[in-house]
Visitor: 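Could you have a look at this structure, given as structure tokens, before my questions?
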Amino acid sequence: MDKQNRKAIIAGNWKMNKTATEAAELIDALIPAVKGAGCEVVICTPFTSLAAAVEKTRGTNLHVGAENVHFEKSGAYTGEISADMLVDLGVEYVITGHSERRQYFAETDETVNKRTRAALAAGLKVIVCVGENLAQREQGVTEELVRLQTKIALGGVSAEEMKNVVIAYEPVWAIGTGRTATSEQAQEVCAAIRKVLAELYGQAVATATTVQYGGSMNAANADELLAKPDVDGGLIGGASLKADAFAAIVAAAGK
Ligand code: 13P
């Protein structure tokens, strides 16, 4: 019952793929493919495609997000992009804490928190990513780790601001590997995340917050994952780069 009252969100994370020219082509194919979707549909594109994405999706049901944001408002941070710059472009969402940023770009729980707060303060909706790597799963610390990541990422975020927060559970071992978490594993951790949210903000906020699963989600496994009571959507990498594959996942979420 709770699940029906939450917003199901399917978000594509394009990662470092598609030139602006290629992005425009993909968006042209996506617009008719996801028209009338029964869930919210978001595409998170590289910075270089955001302006075109916002322009092209105006008046459609596609929402546009960025893949990262800097935490300072402005200043001497060569190569970085601020939340205000994204808002000014018309960008609505941003991803924080993706495991690839944690793994390759020295992202920590603390910087994830700073980015999340800066983005929320600027009026963006934030998809906060958490998830364990294979060694952590094998050591049996998944739940503790994800609880900690979630708590630190949300430090200083108010219950009111939680209306603009989505949590994405992305087990690192399932990302880009074709090795999806079982629907039971996804459910178990998404439920644990919702429990932390209840501890932090109370049951009403926990019940209202969208919790996504991400990691090799595709047209073939989306139905089963999305049928779980605490899995409210998906954060999609590889399968978001093809209009038909992404549209199939969007259709599964709308059921
Ligand atoms: P894949 O769907 O390619 O496994 O990527 C998942 C992901 O990292 C989305 O943010």
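Indexing begins at 1, ligand by ligand and atom by atom, following the structure's order.
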Visitor: With a 4.0 Å cut-off on N to O distance, would you call Glu107 and Arg115 a salt bridge?
Guide: yes
Visitor: Please list the nearest protein heavy atom to atom 7 (C) of ligand 1 with its residue and the distance rounded to 0.1 Å.
Guide: Glu170 OE2, 3.1 Å
Visitor: So, does Asn218 use its side chain to make a donor-acceptor pair with the main chain of Asn221 at under 3.5 Å?
Guide: yes
Visitor: Would the distance check show the side chain of Ser216 and the main-chain N or O of Ile175 forming a donor-acceptor pair, the cut-off being under 3.5 Å?
Guide: no
Visitor: Within less than 4.0 angstrom of ligand 1, does Ala174 place any heavy atom?
Guide: yes
Visitor: Regarding ligand 1, does Ser216 bring an N or O atom to under 3.5 Å of one of the ligand's N or O atoms?
Guide: yes
Visitor: Among Gly178, Gly238, Gly237, Pro171, which one has a heavy atom closest to atom 6 (C) of ligand 1?
Guide: Gly237
Visitor: Are a donor atom and an acceptor atom from the side chains of Tyr93 and Glu40 found within less than 3.5 Å of each other?
Guide: yes
Visitor: Can Arg102 and Asp109 be counted as an ion pair, charged N to O under 4.0 angstrom?
Guide: yes
Visitor: With a 4.0 Å cut-off on heavy atoms, is Gly176 touching ligand 1?
Guide: yes
Visitor: Rounded at 0.5 Å granularity, tell me how far CZ in Phe246 sits from CG in Leu26.
Guide: 9.0 Å
Visitor: Is it the side chain (CB and beyond), the backbone, both or neither of Asn13 that lies under 4.0 Å from ligand 1, heavy atoms counted?
Guide: side chain
Visitor: Quick test: of every protein heavy atom, which one is nearest to atom 5 (O) of ligand 1, and how far off is it to 0.1 Å?
Guide: Lys15 NZ, 3.2 Å
Visitor: Counting each atom of ligand 1 from 1 as listed, which ones have a heavy atom of Gly215 under 4.0 Å away?
Guide: 4 (O), 6 (C)
